[in-house]
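Owing to the predicted nature of the structure, the values given are computational and were not obtained by experimental measurement. In what follows, chains are A, B, ... by sequence order, proteins preceding strands, each numbered from 1.
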Number of protein chains: 2
Amino acid sequence: MHTSDQRFYAGEFRHSIDEKNRITIPARWRRGDTEEFIILPEATHQFLLVMSPEEFSRMSGAAESDPNVSARDRRIFFRQLHSRAQHGAADKQGRLVLPEDLCKKVELKGEVVLVGGRGRFEIWNLQRRKRAQEEETPTYQHVANVIGL
Amino acid sequence: MHTSDQRFYAGEFRHSIDEKNRITIPARWRRGDTEEFIILPEATHQFLLVMSPEEFSRMSGAAESDPNVSARDRRIFFRQLHSRAQHGAADKQGRLVLPEDLCKKVELKGEVVLVGGRGRFEIWNLQRRKRAQEEETPTYQHVANVIGL
DNA sequence: GGAAGGTGGTTAAAAGTGGGGAAAAGTGGG
DNA sequence: CCCACTTTTCCCCACTTTTAACCACCTTCC
């Protein structure tokens with residue numbers, strides 16, 4: 001039930017952002033023409049998060065019902081969340097226009113990396129992605145070992 | 001429930017990868033035309049794992065519920081898993097196109113070995129497969145002895 | 001010697017990228 | 001409040017590279 005209707009973006013792609021801040025979404029990730037997205041910088045500005053409006057609702061719904069978060073914190077969180085998130089749509093060539101300010105925040109320019117995830121994908125600065133990849137590899141191998149992959 | 005719809009790939013085949021990174025899937029392993037696969041390097045880059053999207057979901061579901069893995073590690077694991085996995089489909093000749101970067105990671109070129117498994121199969125570098133085979137034989141014979149095979 | 005499995009190569013289609021120009025949206029002045 | 005002007009957005013066309021569909025051949029095994 002928790003995964004049945006959820007898309008999953010597989011793989012990693014190296015594409016470029018042009019002078020108009022457009023980025024081509026990998027053809028395999030496209031659903032149809034002029035797909036809608038919510039674009040949002042990751043909390044520590046490491047990368048951009050891109051997801052469908054449905055996925056965004058699902059995610060914020062999870063924050064709504066988490067018992068470990070106080071009512072006050074929740075209110076602040078949601079104000080921040082909605083102010084940081086931006087709306088975007090793909091053009092007929094399958095390109096997404098990224099807001100200028102978000103690109104600056106996560107230092108996106110020229111060659112970038114699109115990273116698949118469950119229900120969403122990420123857009124990374126090339127160098128930063130390499131570093132993160134190296135740092136996360138031991139954890140990945142450890143968990144893979146535990147679950148017998 | 002956990003095995004009923006799970007395919008079983010039997011045997012070992014020595015096929016070749018051509019200059020376009022295409023590899024013929026053994027005829028006995030084929031289901032129909034243009035079958036879909038998820039391709040994924042083994043955690044320590046020993047070989048490639050190939051499975052159906054269903055099997056992939058099943059496998060990642062196992063990680064979701066394992067109590068030995070912390071929430072933090074789980075998040076990192078999933079990010080890595082989805083970025084490493086790639087979509088692939090067989091052509092009408094029953095050949096699978098392997099992503100260039102994955103081939104490099106596990107050193108696949110020319111003659112390779114396809115190894116059957118439960119719900120998935122593996123693609124090995126020829127020399128490495130020979131070595132692993134020899135190393136694993138005593139363990140196999142020991143267990144076979146224990147269970148009286 | 002026929003059929004099926006595996007391999008190689010050519011060609012057509014699709015994906016990724018860049019740029020020009022029309023439409024739309026925002027801005028200021030009369 | 002309307003009009004002119006600037007700026008932004010988005011749609012379309014053109015080009016290059018990559019991908020995948022198709023065709024043909026060789027080998028092996030009944």
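- Checked against salt bridge (charged side-chain N to carboxylate O under 4.0 Å, His left out), B/E42 has no partners two or more places apart in sequence or in another chain.
- Every residue two or more places apart in sequence or in another chain was checked for a side-chain hydrogen bond (donor to acceptor under 3.5 Å, both in side chains) with B/Q46, and none qualifies.
- With contacts defined as side-chain heavy-atom distances shorter than 4.5 Å, the pair B/R95/B/D18 qualifies.
- Atom C1' of nucleotide C/dT10 and atom CD of B/Q93 are separated by 13 Å, given to the nearest angstrom.
- Qualifying salt bridge (charged side-chain N to carboxylate O under 4.0 Å, His left out) partners for B/D101, counting only residues two or more places apart in sequence or in other chains: none.
- Heavy-atom distances under 4.0 Å link DNA chain D to A/K20, A/R22 of residues 15-27 of chain A, given in residue order.
- On a pure distance criterion of 3.5 Å, a polar donor-acceptor pair joins the side chain of B/R95 and the base of C/dG8.
- With respect to the salt-bridge test (charged N to carboxylate O, under 4.0 angstrom), the residues B/E55 and B/R58 qualify.
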Just list the side-chain donor-acceptor pairs under 3.5 Å for residues 135-149 of chain B, sequence neighbours left out, or say none.
unit_1	atom_1	unit_2	atom_2	d
B/T137	OG1	B/Q133	O	2.8

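- Among the atoms of the strands shown, only primed sugar atoms or phosphate atoms (P, OP1, OP2) are found under 4.0 Å from some heavy atom of A/R30.
- Helix-axis bend for the helix from C/dG1-D/dC30 to C/dG30-D/dC1: the local axis fitted to the five terminal pairs at one end deviates from that at the other end by 40°, rounded to 10°.
- Not a single salt bridge (charged side-chain N to carboxylate O under 4.0 Å, His left out) links A/D66 to another residue, sequence neighbours left out.
- Between B/H82 and B/F56 there is a side-chain heavy-atom pair separated by less than 4.5 Å.
- Screening residues 102-112 of chain A for side-chain hydrogen bond (donor to acceptor under 3.5 Å, both in side chains), with sequence neighbours left out, gives A/R14-A/E111, A/E107-A/R128.
- Pairs of residues two or more places apart, or lying in two chains, that qualify as ring pair (Phe, Tyr, Trp, His ring centres under 6.0 Å) and include a residue from residues 16-35 of chain B are B/Y9-B/W29, B/F13-B/W29, B/W29-B/F121.
- Map A/K92 and A/R28 each onto its nearest nucleotide of DNA chain D; the residue landing nearer the 5' end is A/K92.
- For the contact set between residues 102-117 of chain B and DNA chain D, defined by any heavy atom under 4.0 Å, there are no members.
- Checked against salt bridge (charged side-chain N to carboxylate O under 4.0 Å, His left out), A/D73 has no partners two or more places apart in sequence or in another chain.
- Between A/L96 atom CG and C/dT17 atom P there is a gap of 13 Å when expressed in whole angstrom units.
- Protein chain A touches strand DNA chain D; the 5'-most and 3'-most nucleotides with an atom under 4.0 angstrom of its non-hydrogen atoms are D/dC10 to D/dA20.
- A donor-acceptor contact shorter than 3.5 Å is absent between the side chain of A/R84 and the backbone of A/P41.
- With rounding to whole Å, A/F13 atom CZ is found 12 Å from C/dT17 atom P.
- Using a 4.5 Å heavy-atom cutoff, the side chains of B/R22 and B/Q93 are not in contact.
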